[in-house]
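Only heavy atoms go into these numbers, but all of them, side chains included; no hydrogens, no water, no symmetry mates.
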Amino acid sequence: MKSKDILTNNQEQDLQVIDDLEQALAGSRQISYGGLLKEIRKQLQLEDVENGDLINTDSNDQETDQVVREIVAKWDYQRKNYFI
């Protein structure tokens with residue numbers, strides 16, 4: 001959901017909408033994949049994030065093992081960019 005879809009120039013109404021959303025979504029997990037992560041999820045054939053076990057995959061698939069890797073990036077304040 002994008003803010004432009006729900007907010008107007010009426011501050012009182014906007015505050016009420018935000019409060020309603022906060023109350024409605026409290027305690028829920030909101031997950032969405034986009035761009036490259038959406039493609040990777042499809043390639044790995046991951047289970048549903050709400051009902052599936054995304055930690056213990058019990059996969060012996062070597063192809064999947066080669067695709068999955070950890071990348072750590074840190075923010076460089078001087079360059080104002082990430083580096084690996």
**Study point:** Contacts of type side-chain contact (heavy atoms from CB on, under 4.5 Å), residue L37, not counting sequence neighbours
**Key:**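 With neighbours one apart ignored, the set is Y33.
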Review point. Linking I/L/V/M/F/W/Y whenever their side-chain heavy atoms sit closer than 4.5 Å, directly or via other members, would L7 and L21 fall into one cluster?
Key: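 Yes; L21 is reachable from L7 via cluster members.
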Check your understanding: Which distance, rounded to the nearest 0.5 Å, do you find between the CG of L25 and the CD of Q23?
Key ->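 One finds 10.0 Å between CG of L25 and CD of Q23.
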Point to revise | Within residues 73-84 or reaching into it, pairs that qualify as salt bridge (Lys or Arg N to Asp or Glu O under 4.0 Å) - sequence neighbours excluded | key: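 The answer is D76-R79.
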Point to revise | Residue pairs passing the salt bridge (Lys or Arg N to Asp or Glu O under 4.0 Å) test where at least one lies in residues 7-23, sequence neighbours excluded | key: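 Listed once each, the pairs would be none.
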Review point. Crowded around N9 CG? As in, over 12 foreign heavy atoms under 6.0 Å?
Key: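 Count not over threshold, so no.
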